[in-house]
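Owing to the predicted nature of the structure, the values given are computational and were not obtained by experimental measurement. Below, chain A is the first sequence line, B the second, and so on; all start at residue 1. Below, all heavy atoms of this structure are taken into account, side chains as well, without hydrogens, waters or symmetry copies.
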Protein chains: 2
Amino acid sequence: MNDIQDSPFTRKLAGYVTLSPVELEVLEQLHKRRRSFAAGRDLVQQGQSEQAAYILSEGWVCSYKIQQDGTRQIIDFQIPGDFLGLRSVLLRTSDHSFEPVTNIQAVEVLAGDLFQAFSQTPRLANAILWAASRDEAMVVEHLVNIGRRDAGARLAHFLLELGARLALVGMGSRAGFDCPLTQYHLADALGLSAIHVNRVLRQLREDRLLTFRNGHVTFDNRLRLVEIAEFDEAYLDHEGPLLK
Amino acid sequence: MNDIQDSPFTRKLAGYVTLSPVELEVLEQLHKRRRSFAAGRDLVQQGQSEQAAYILSEGWVCSYKIQQDGTRQIIDFQIPGDFLGLRSVLLRTSDHSFEPVTNIQAVEVLAGDLFQAFSQTPRLANAILWAASRDEAMVVEHLVNIGRRDAGARLAHFLLELGARLALVGMGSRAGFDCPLTQYHLADALGLSAIHVNRVLRQLREDRLLTFRNGHVTFDNRLRLVEIAEFDEAYLDHEGPLLK
DNA sequence: CGTCTACTTGAGGGCGCTCAAGACGAGTGG
DNA sequence: CCACTCGTCTTGAGCGCCCTCAAGTAGACG
């Protein structure tokens with residue numbers, strides 16, 4: 001029972017609502033099927049109909065769509081505590097694919113169990129809807145990022161957001177964070193070419209704004225970065241449970 | 001009671017779940033506060049904390065974010081039957097603004113009423129979560145559109161999607177639809193300049209692909225458009241209620 | 001008949017693209 | 001231990017999409 005209270009997913013939900021023992025028990029029930037996946041092997045194929053979603057407990061994943069011409073758009077990255085494929089359960093078809101960036105551990109959640117959990121504890125449904133809303137807010141911010149900012153601001157905003165999310169689950173700080181992503185991941189996420197990402201990263205490094213090297217991101221001048229990226233972390237943050 | 005069954009919102013939800021008389025009654029309760037707004041006057045200001053959401057019953061709205069430098073990114077357009085500001089109710093802060101494109105009619109829904117409706121009928125909560133998921137799928141598609149397609153494909157995809165959505169609520173067909181948007185709206189939605197939108201529209205017209213004139217969009221060669229836009233309407237479509 | 005909004009067209013330039021080539025480290029097998 | 005491969009990162013050259021600036025047209029409305 002203490003086990004479930006320590007999972008990143010529970011910690012995240014606990015930020016939205018104060019979970020009752022009954023609700024923790026329901027969550028415990030959902031956490032039965034633990035599974036591992038190797039880096040690079042897709043969890044859910046685009047267009048495929050799936051009955052299961054996953055809750056990520058360890059490692060990084062990206063969700064993306066592939067076009068016919070081979071170009072890829074990464075929608076979002078998932079870090080521990082994040083839901084994978086909630087929409088594929090609700091809509092019965094997955095409209096994008098998931099690729100583990102690193103080796104990962106995840107919990108499989110069947111659609112039926114999820115719906116049952118929802119009717120048992122409506123407040124849990126609220127909490128999950130809440131988490132999903134935060135995720136959508138991030139996609140929206142991502143949209144603004146790609147639609148209206150130049151490459152430097154895009155990279156700065158993306159890395160600041162990632163840092164803030166990681167800090168919330170204890171995997172980073174204002175100074176920086178460990179990051180397993182390649183420059184190709186960044187390019188596919190930001191709608192740029194990998195070559196241009198490389199050049200812009202060099203520029204940011206030379207301007208003493210941020211350094212991305214050897215799998216680690218360091219914010220050399222966080223204040224200035226926040227400024228050029230117009231980064232506002234309000235949409236990620238909140239003060240304690242909003243439902244009691 | 002028949003009234004509520006004919007609203008675009010109910011029609012949309014009825015596509016996801018078969019609504020029971022009790023659930024229709026709960027929906028009826030939500031539809032008490034009917035309000036009108038004039039074109040151009042914002043409903044919800046960015047960053048402002050709001051207690052209410054709206055269900056659009058007539059007219060067009062766009063949701064957007066403004067940057068400090070004045071550039072605007074339109075996230076999505078809402079047409080009759082769509083929810084406005086569901087996230088602002090759940091997260092207690094609105095992370096973007098809503099501007100009526102035309103004069104509109106909407107129903108105000110208070111946060112408390114919504115939560116109460118959810119606990120009374122968990123299946124209604126599911127249906128709304130479902131509708132929200134479809135909306136998010138559209139934002140994701142929008143992201144791919146802006147991140148990975150050139151201006152011509154962007155415009156084609158955007159207008160095809162809009163046409164498909166409107167057709168679902170009886171406001172358009174495969175041939176075309178009435179569209180109150182300006183070229184500035186298109187530019188702000190697609191991450192382009194209005195000038196370039198104009199040039200690309202001319203190109204599409206000269207290539208006999210589509211015509212956007214006098215508030216009306218005509219698909220001159222829908223097949224070819226679907227091809228160059230890689231448009232797949234599966235994520236908008238579904239076959240009848242998925243929950244019984 | 002002036003004003004305002006939306007649309008249209010031209011000229012020139014820059015951001016980020018593609019193509020091409022090379023450096024560097026990690027893993028693999030001879 | 002070294003050659004080979006492969007993934008990732010790096011840098012240069014040249015070009016094109018889409019930008020900005022500038023100017024002008026057409027229709028709506030007072």
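- Ion pairing of R224(A) with D207(A) is absent here, as no side-chain N (NZ or NE/NH1/NH2) approaches a carboxylate O to less than 4.0 Å.
- Between the CD atom of E206(A) and the P atom of dT10(D) there is a distance of 11 Å, given to the nearest Å.
- Among the heavy atoms of the strands lying under 4.0 Å from S193(B) is at least one base atom, whether or not backbone atoms are also near.
- L192(B) has its CG atom 15 Å from the C1' atom of dG16(D), to the nearest Å.
- In this structure, R205(A) and R148(A) both approach DNA chain D, and ranking their closest nucleotides by distance from the 5' end singles out R205(A).
- Checking the phosphate oxygens (OP1, OP2) of dT10(D), a side-chain nitrogen or oxygen of N198(A) falls inside 4.0 Å.
- Residue R199(A) places a side-chain atom within donor-acceptor reach of the base of dG12(D), judged by atom type and a 3.5 Å distance cut-off alone.
- Backbone-only engagement by A151(B) is indicated by non-hydrogen atom pairs under 4.0 Å involving sugar-phosphate atoms exclusively.
- Across the protein-nucleic acid pair, L186(A) atom CG and dT8(D) atom P stand 12 Å apart, rounded to whole Å.
- H142(A) places a side-chain N or O within 3.5 Å of a backbone atom of I75(A) that can act as its donor or acceptor partner.
- R202(B) has a side-chain polar atom (N or O) that falls below the 4.0 Å cut-off from OP1 or OP2 of dT9(C).
- Salt bridge annotation for D76(B)-R165(B): present, with a cationic side-chain nitrogen under 4.0 angstrom from a carboxylate oxygen.
- OP1 and OP2 of dA26(D) both lie 4.0 Å or more from every side-chain N or O belonging to R213(B).
- Remark on DNA chain D: of its neighbouring residues L181(A) and H196(B), the 5'-side contact belongs to L181(A), judged by nearest-heavy-atom nucleotide.
- The distance from atom CZ of R149(A) to atom P of dC15(C) is 18 Å, rounded to the nearest whole Å.
- Protein atom CD of Q183(B) is 14 Å distant from nucleotide atom C1' of dT25(D), rounded to whole Å.
- A straight line from CG of D150(B) to P of dC15(C) spans 21 Å, rounded to a whole angstrom.
- Backbone-only engagement by G191(A) is indicated by non-hydrogen atom pairs under 4.0 Å involving sugar-phosphate atoms exclusively.
- Classification of R205(A) and D220(A) as a salt-bridged pair fails, no side-chain N sitting under 4.0 Å from a carboxylate O.
- We find that CG of L155(A) is positioned 16 Å from P of dC15(C), with the value rounded to whole Å.
- In this structure, of dC19(D), dT11(D), dT8(D), it is dT11(D) that holds the atom nearest to the side chain of I195(A).
- A salt bridge is defined here as a Lys NZ or Arg NE, NH1 or NH2 lying under 4.0 Å from an Asp or Glu carboxylate O, and E141(A) with R149(A) meets this definition.
- Atoms CG (L190(A)) and C1' (dC15(C)) sit 15 Å apart, rounded to a whole Å.
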